[in-house]
Amino acid sequence: MHDEFLCHVTAYGVCGGQRIGVPLGTYRAPTLALALWWLRDRASWIAERLDPLPENPRFPQGALVPVGESVSDVPGLLRAWCSDVVRQELVADELAGGRLVRIAVQDDTTEYELLAESIDALRMQRTIPALVVPVA
C-alpha cells in the first residue's frame with residue numbers, strides 16, 4: 001500500500017505561440033483519502049471559478065453570459081467527475097497500485113490537468129535505473 005501522494009493541478013494554454021503551464025496548486029497528501037479529497041476540492045474550485053452562479057451578488061447584472069454550445073463544458077465535466085463514486089474508486093485503485101493518475105479536461109483555450117502519484121512509487125522508480133547500470 002502506498003502511503004503518501006503528490007498531487008498537482010496545472011492549467012495549460014498557448015502564449016506567444018508556445019504551450020505554457022501555470023501551476024494552480026500542489027499538495028503532498030499523507031493518505032489516499034486526503035489525496036482524493038484534495039483532487040476533488042481543486043476540481044470543484046476550478047469549476048466554480050469558470051462557472052460561478054450568476055445570481056451571486058458579487059457579479060453585476062449581465063456580467064456573466066453562457067458560452068456557445070461548441071465549447072466544452074469544463075465546469076460540468078469537473079463537477080461530474082467529483083460526484084462520480086465509481087470513477088473516484090477507480091482513481092483510488094490506481095493510486096493505491098502505485099500508478100500515476102491524470103485527469104484532464106479542456107475547452108477551446110485551456111487544458112486543466114489534475115495529477116496524483118504515489119511518493120513511494122516515485123522513490124522506487126528513481127532506484128531502478130541505478131540497479132541496472134553496469135559497473136565496469
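Remember, predicted model here, so these are calculated numbers, not experimental data. Note that these values count all heavy atoms, side chains included, but never hydrogens, waters or copies made by symmetry.
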Side-chain donor-acceptor contacts of residues 33-50 below 3.5 Å, not counting sequence neighbours, with atom names and distances?
unit_1 : atom_1 : unit_2 : atom_2 : d
R40    : NH1    : Q88    : OE1    : 3.1
S44    : OG     : R40    : O      : 3.1
R49    : NH1    : W45    : O      : 3.2

In residues 62-76, what donor-acceptor pairs under 3.5 Å come from side-chain atoms, sequence neighbours left out?
unit_1 : atom_1 : unit_2 : atom_2 : d
S72    : OG     : Q106   : O      : 3.4
D73    : OD1    : G76    : N      : 3.0

Whether D51 and R79 form a salt bridge (side-chain N of Lys/Arg under 4.0 Å from carboxylate O of Asp/Glu) is what I want to check.
yes
Return the minimal non-hydrogen interatomic distance between A92 and L32, and the atom names on each side.
O-CD2, 3.8 Å
With a 4.5 Å limit on heavy-atom distance, are the side chains of L95 and F5 in contact?
yes
Identify the residue among L78, V91, V101 that makes a side chain to side chain contact (heavy atoms under 4.5 Å, CB included) with L114.
L78
With ILVMFWY side chains joined below 4.5 Å, transitively, what does L115's cluster contain besides itself?
L100
Counterpart residues, ring-ring contact (aromatic ring centres under 6.0 Å, His included), relative to W81 (two or more places apart)
none
Name the atoms and distances for all side-chain donor-acceptor pairs under 3.5 Å in residues 12-27, with sequence neighbours left out.
unit_1 : atom_1 : unit_2 : atom_2 : d
Y12    : OH     : E113   : OE1    : 3.2
R19    : NH1    : E111   : OE1    : 3.4
R19    : NH2    : E111   : OE1    : 2.7
T26    : OG1    : H8     : ND1    : 3.2

Gap between atom CZ of R28 and atom SG of C7 - 0.5 Å precision:
11.0 Å
For D107, check salt bridge (charged side-chain N to carboxylate O under 4.0 Å, His left out) against everything at least two apart and list the hits.
none
